[in-house]
Amino acid sequence: MIAAGRASQRPADAKLLVLDRRGRITHAPRSRLVDYLRTGDVVVANDAAALPASLRGTHLDSGSEIEVRLAGRRSLALEHAPRFTAIVFGAGDFHQPTEHRPRPPLLSTGDRVALGPLTATIEATLDHPRLVTLRFDGEAATVWAGLARHGRPIQYAHVPEPLELWDVWTPIAAVPVAFEAPSASFALDWEMVRELRRRGIELATITLAAGISSTGDPMLDRRLPLDEPYRVPVVTARAIARARANGGRIVAVGTTVVRALEHASSEGTVRAGDGIADQRIDRDTRLGVVDVILSGTHEPETSHYNVLRAFASDPELGRASVVLETHGYRTHEFGDSVLIERRLTAGGDQPDVEKLEDNAMKLNHLNLTVTDVAKAHGFLQKHFGLRDMGRSNDTMAGLYDDDGFALVLMKAGRAAEVTYPQSFHIGFTQPSDEKVNEINRRLRDDGLDVPPPGRVHGAWGFYFNAPGGFVVEVACW
Amino acid sequence: MMNRHSNPHSHDDSTLDLDGVRVAITGGTSGLGLALVRELLGRGASVAFVARGDDRVARVERENPGAHGIVGDVARKEDIHAIALQILGNLGGLDVLVNNASSLGPVPLRLLADTECEDFELALATNLLGPFRLTRALLGALAASAREGRGAVVLDVSSDAAVNAYPQWGAYGASKAALRHLDAVWNEELGAEGIRWLSIDPGDMDTPLHALAVPDADRTTLKRPEQAARELADAIAAALPVGRPQATLAVTTAREEEAPS
């Protein structure tokens, strides 16, 4: 995937890939996230604010230039600001990829460092030449003032411009305890918060001191995420209990929220209060609380990606990764997002819905005669997300929609023309007028002759002649 | 809690105390701001204050034990997040923000026609953009406080110059009028999140700002800033929910392990 290199939290064209519990994939503008949530759901976000946790300075015992990245803490208690777990780099800065950064000088317990207006002692080395416990001199207030003056947000080479705190504080940032931004919350804005409220979807928060996502050192990266202290407010625990009792889903904004809520839960109940999340979330995790995750797009092999494996199967995630790649999604903290619903599991906790649907009678197959099988086949995949059934050829091709509806396209014998009666068409009903407009725009951009959307029989939509010789309706009723 | 009994309200009307309420005040080293620092400390609040001069900040901090002094200039965009970081770090969150720091614009006051653009810009930066930026930076914390039932208040110090057209008060008056309007819109937009915006004119007070504006004023006719501070503190207390839970973040029970020495 392309790295998002501009520090813009909510670019107008931010995209959202939705992978639902049956493995179906849909795309949406990320600003329409709320369309994929339901009344009664609870959205839980991490309200930690990112610290200016990158500090340049000098290792006084060797005189070497260093960069210290604060990376962990024992508790959320803010008066304990003086002591941190930290990762030390040699000279240079974020412009150089972390894996190419020079090592720091040999660090020993008792060594002194000067970081701008701050001074500190290395209290302990933590089984790795770059991982230490650092204790700042002075009171908490002195450390806050020093961090505010000298610290910079931790950043990586894919964003070339230096980041400011306002680039990395999410709109809901409340407690300055994170070492990197809980960036899934970049997707939220206050308009969205208002819309959630209007739709009866509650917004709740936890605070988790999100640690750093990458060190560039394979040994250290394997130890990520480090232990992270968190707090679940009483109101959040209650909101979750209410939603679960009423059949609402728990939607975690970001991997840090999953970690905190799953750590704080037992048998589906989330405990309010403080804790230290020390577990890993991966393919083997049986999620007890969280039903849906909103996350950035992550490359396989990262600890963030591993969290997604608790929600969807590897083949599903693999397919999603291919789609992200082919649809030009951007990755990293300022990139696009995915919304992944926890998969249905055999004997899982939501089998009833499946069963109901198995018994329901449904129209699920249509055979359409077309002038050009390949063209119609490609067109329906590209613009309406239908999936290739496989084994297609010039005279016959099959497609599935997200519900398993089978649409088969067949060549019209020897006739070059297909003539359907005038009123014949197939349709794709859309959830919103905007979606109709968006599809219309995309079709036009692709050079198709499509009339603009308008009012048709009380709906907002349009009809057009699709490649292959049949009429398609796109409308929101 | 210090000076509890020096406050006439605190022992006879407990609804007006501000026990454990986390308040940040800009322009906290003189005039109304300083009086507010003292008043709020007296009512049991946790207080952080912001001002430009390090010496004055250090002195006010020394004279008012428990208050957290922060050096910064709200008129400077670059200072806003550094200020917000220190407010949240020192208080562990925020329930009340008082945007009090103000600039008159040109001193001595001048007719609009004689006002330099740069002086007008300074009034706007201090009185309008500064409060907007700082409020925005702290909005997440205020909303968190509101969600937890502690309430959240932004008090923007206004002026009668925000509603009346006084000759020579154009830059100041226009900036304060805009701030007042901003408060009205904030309330419309985010009132549902439980955050309240108050725009209060404390009246003509005997403060350094007033002395700059009207050097030959008869000081005996002016309101004491202490009196105005009491009124503002009452307004804040009245806007917060009754029976609010205490904040827990700053003084959490989680214990940090002592490192081996």
Side-chain angles (χ1 to χ4, degrees), chain A residues 45 47-52 73-83 109 121 123-124 133 135 140-141 143-145 147-149 151 164-177 185 190-191 193-194 197-198 202-205 207 229 231 233-236 239 273-276, chain B residues 48 54 57 61 67-72 77-94 133 136-150 152 186 188-195 245 247-261:
Chain A
D47 69 4
L51 292 164
R73 60 199 298 148
R74 292 292 307 166
S75 85
L76 291 183
L78 291 150
E79 72 268 26
H80 290 154
R83 188 179 283 119
T109 302
T121 302
E123 279 196 338
T133 305
R135 193 200 156 81
V143 180
W144 286 115
L147 290 176
R149 208 173 113 197
E164 301 292 343
L165 270 190
W166 56 80
D167 293 318
V168 295
W169 278 24
T170 68
I172 57 158
V175 195
V177 291
S185 295
W190 290 96
E191 186 67 53
V193 171
R194 264 157 53 106
R197 185 178 293 281
R198 273 199 294 269
E202 198 166 342
L203 174 68
T205 46
T207 306
R231 163 161 303 161
V234 173
V235 285
T236 299
D274 287 16
I276 296 181
Chain B
D54 348 8
V57 167
E61 206 172 27
H68 299 278
I70 295 163
V71 179
K77 176 184 173 181
E78 300 73 28
D79 281 12
I80 294 294
H81 277 76
I83 292 169
L85 174 72
Q86 292 174 82
I87 289 173
L88 297 176
N90 282 308
L91 299 182
L94 189 70
R133 288 188 175 124
R136 246 195 110 206
L138 293 167
L139 208 49
L142 291 163
S145 184
R147 269 196 305 277
E148 292 183 33
R150 299 172 46 74
W186 277 123
E188 280 299 314
E189 291 184 346
L190 290 185
E193 299 305 317
I195 309 173
T248 46
L249 204 57
V251 279
T252 175
T253 49
R255 208 177 260 144
E256 190 182 20
E257 279 171 22
E258 280 307 313
S261 48

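The chains referred to below are lettered A, B, ... by the order of the sequence lines, with proteins before strands, and numbering in each begins at 1.
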CD-CG distance between B:Glu61 and B:Asp54, expressed to the nearest 0.5 angstrom: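 Answer for the CD-CG pair, B:Glu61 versus B:Asp54, is 11.5 Å.
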What part of [X] gets closer than 4.5 Å to chain B, counting heavy atoms only: side chain, backbone, both or neither?
X        : result
A:Trp166 : both
A:Pro233 : side chain
A:Ile276 : neither
A:Ala141 : both

So which of A:Ala49, A:Ala173, A:Pro52 has the biggest tally of heavy-atom pairs under 4.5 Å with chain B?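 Between A:Ala49, A:Ala173, A:Pro52, the count favours A:Ala173.
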For chain B, the option from A:Ala145, A:Gly273, A:Pro171 that forms the most heavy-atom pairs under 4.5 Å: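 Ranked by heavy-atom pairs under 4.5 Å with chain B, first place is A:Ala145.
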Any donor-acceptor pair under 3.5 Å from A:Thr207 side chain to A:Ala48 backbone: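 Flag not set: sc A:Thr207 to bb A:Ala48 has no pair under 3.5 Å.
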Considering only NZ, NE, NH1 and NH2 on the basic side and carboxylate oxygens on the acidic side, decide whether B:Glu189 and A:Arg194 come within less than 4.0 Å.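 Between A:Arg194 and B:Glu189 there is no salt bridge, as every charged N stays at least 4.0 Å from the carboxylate O atoms.
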Would you mind reporting whether A:Trp190 and B:Glu193 have side-chain heavy atoms less than 4.5 Å apart?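 Contact flag for B:Glu193/A:Trp190 side chains = yes.
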Is the shortest heavy-atom distance from the side chain of A:Leu165 to the side chain of A:Val168 under 4.5 Å?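 When only atoms from C-beta onward are counted, A:Val168 and A:Leu165 do touch, with a gap below 4.5 Å.
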Determine, stepwise, if the pair A:Glu164 / B:His81 fulfils side chain to side chain contact (heavy atoms under 4.5 Å, CB included). CA-CA 9 Å; A:Glu164 301 292 343; B:His81 277 76; over 6 Å; no
Part of B:Ile70 within contact of chain A (heavy atom distance under 4.5 Å):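 Interface part for B:Ile70: neither.
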